[in-house]
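Heads up, the thing below is written out as structure tokens.
Numbers restart at 1 for each chain; the letters A, B, ... are given by sequence-line order, proteins then strands.
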Amino acid sequence: MKETLETRADSAHGRRFTAGLLHWNATANDRPMPWKGETDPYRIWLSEIILQQTRVEQGWGYYERFVAAFPTVQELAAAPEQSVFKLWEGLGYYSRCRNLIATARIITEQYGGVFPQQYDDILALKGVGPYTAAAIASFAYNAPYAVLDGNVFRVLSRIFGCALPIDSTEGRKFFAQAAQELLPVGEARAYNQALMDFGATVCKPLPACAACFFQHDCAAFRHGRQGELPVKAKKTAVRERFFQYVLLQHENTLALHPRGPGDVWESLWEPLLFEAGRERDKEAILRALNEEYGIRKEDYTIESAAAKGRQRLSHQLIHFNFLHLGLARRLELPGFDWVPLDKIDDYPFPKTVGAWLKATFAGFG
DNA sequence: CAATCGTGGGG
DNA sequence: TCCCCAAGATT
């Protein structure tokens, strides 16, 4: 397929698409979402952060819980960080949560609780990039900034038959310009919403071309190339890792600590962790426990050593081994808290760790 | 700029 | 089971 069948998105072809899109939006777009039509910039911002690289169905409940817990930006800014992370738990990409808290505090303290209205000021907020700034500016203020997300890449690549890779600089530039040139004056809000809804419900990865208002005018459909667009050039390499957790329990308390920066799951909690280049047996882990922490066989009883797990992240494949030890006395473990079992529900955990704790202590918390 | 950052659903 | 990828941002 030629790289671009269309280079000027403000041509007659592009104008036909925009007109059809807005008509489809007004007559056939039925996609209810809790944040749709929202005019409060705080809630729009909240929804957009939650939805970054996240399916609508997954983010839906999180949005409702966040709005219920923090109806205003001031309440979010005043919340204990850990309670916000707990609410975010399971949603992934936890830097979003850290930036969410920081931005709520900046808006509260530096903007007097009033959400900024200028695109450049919105873009300067932590965790807000070009997509999110355009979404907030258009949905809240109808400002003329076209959103460019996965839906838009897919729709425009097919409509115009553009095979420029969406993960290339040239491709991003083409689609950004096309999306912006298609935006009808004064209708940024409806256009952006319609474009994403259309991509999500009709021009899906596996498209419903039979139901598409633009079928006869779509370059990809005319060439039977819907399945080849959009083009993505690179594949992310997956790193394999081996996590050996040792859960130390003393009476009704667990040794837990928050993960630090520079790795996955920053600010989430976990038990004592050994990481190795390969899977280790129980004896090797207990030996490391002795060598690195001075914890000897007479210090513990083995409660369980059978649990295993596997979690595939977008860029890592992590193998888990779980070892649960009971300690006769509480040891000094720098950096760790001894958390009572009836408090562990207040702590945010990585998915697999939380599932293991829940399975281990079903009935406590 | 290329790599990094989670989780879940669908084909 | 494996691969794709989803309302991306940051460094």
- Residues touching DNA chain B, which here means a heavy atom under 4.0 Å, drawn from residues 254-279 of chain A: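 Those residues whose heavy atoms fall under 4.0 Å from DNA chain B, taken from residues 254-279 of chain A in numerical order, are A:G262, A:D263, A:V264, A:W265.
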- Task: Please work out which residues in residues 33-55 of chain A have a non-hydrogen atom less than 4.0 Å from an atom of DNA chain B and list them by number.
- Result: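 Within this stretch, A:Q53, A:T54, A:R55 sit under 4.0 Å of the strand.
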Could you list the residues that satisfy side-chain contact (heavy atoms from CB on, under 4.5 Å) with [X], not counting sequence neighbours?
X      : value
A:E292 : A:F274, A:A288
A:P340 : A:D342, A:K343
A:D281 : A:E283, A:A284
A:S314 : A:Y93

- chain A on DNA chain B: first and last contacting nucleotide, 5' to 3', under 4.0 Å to a heavy atom?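 Contact span on the strand: B:dC1 to B:dG9.
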Taking only heavy atoms on the protein side, list every residue of [range] lying under 4.0 Å from any atom of DNA chain C, sorted numerically.
range                       : result
residues 126-134 of chain A : A:K126, A:G127, A:V128, A:G129, A:P130, A:Y131, A:T132
residues 141-152 of chain A : A:D149, A:G150, A:N151
residues 188-203 of chain A : A:Q193, A:M196, A:D197

- Query: With under 30° as parallel and over 60° as perpendicular, where do the rings of A:F17 and A:F214 fit, or are they tilted in between?
  - Reply: perpendicular
- Message: Angle between ring planes, A:W356 versus A:F322, binned at 30° and 60°: parallel, tilted or perpendicular?
- Response: parallel
- A:L268 side, atom CG; A:Y347 side, atom OH - distance, nearest 0.5 Å: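 So the CG of A:L268 and the OH of A:Y347 are separated by 13.5 Å.
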- Set of ring pair (Phe, Tyr, Trp, His ring centres under 6.0 Å) partners for A:Y111, sequence neighbours left out: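 Result, ring pair (Phe, Tyr, Trp, His ring centres under 6.0 Å) vs A:Y111: none returned.
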- Task: Report yes if some heavy atom in the side chain of A:F198 is under 4.5 Å from a heavy atom in the side chain of A:F213; otherwise report no.
- Result: yes
Tell me what [X] touches on the nucleic acid: a base, only sugar-phosphate, or nothing, going by heavy atoms under 4.0 Å.
X      : result
A:R172 : nothing
A:S95  : nothing
A:G59  : nothing
A:R154 : sugar-phosphate

- Message: I'd like the 5' and 3' limits of the part of DNA chain C contacted by chain A, with heavy-atom contacts below 4.0 Å.
- Response: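 The contacted stretch runs from C:dC2 to C:dT10.
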- Between A:L313 and A:L206, which has a closest nucleotide on DNA chain B that is more 5'? A:L313
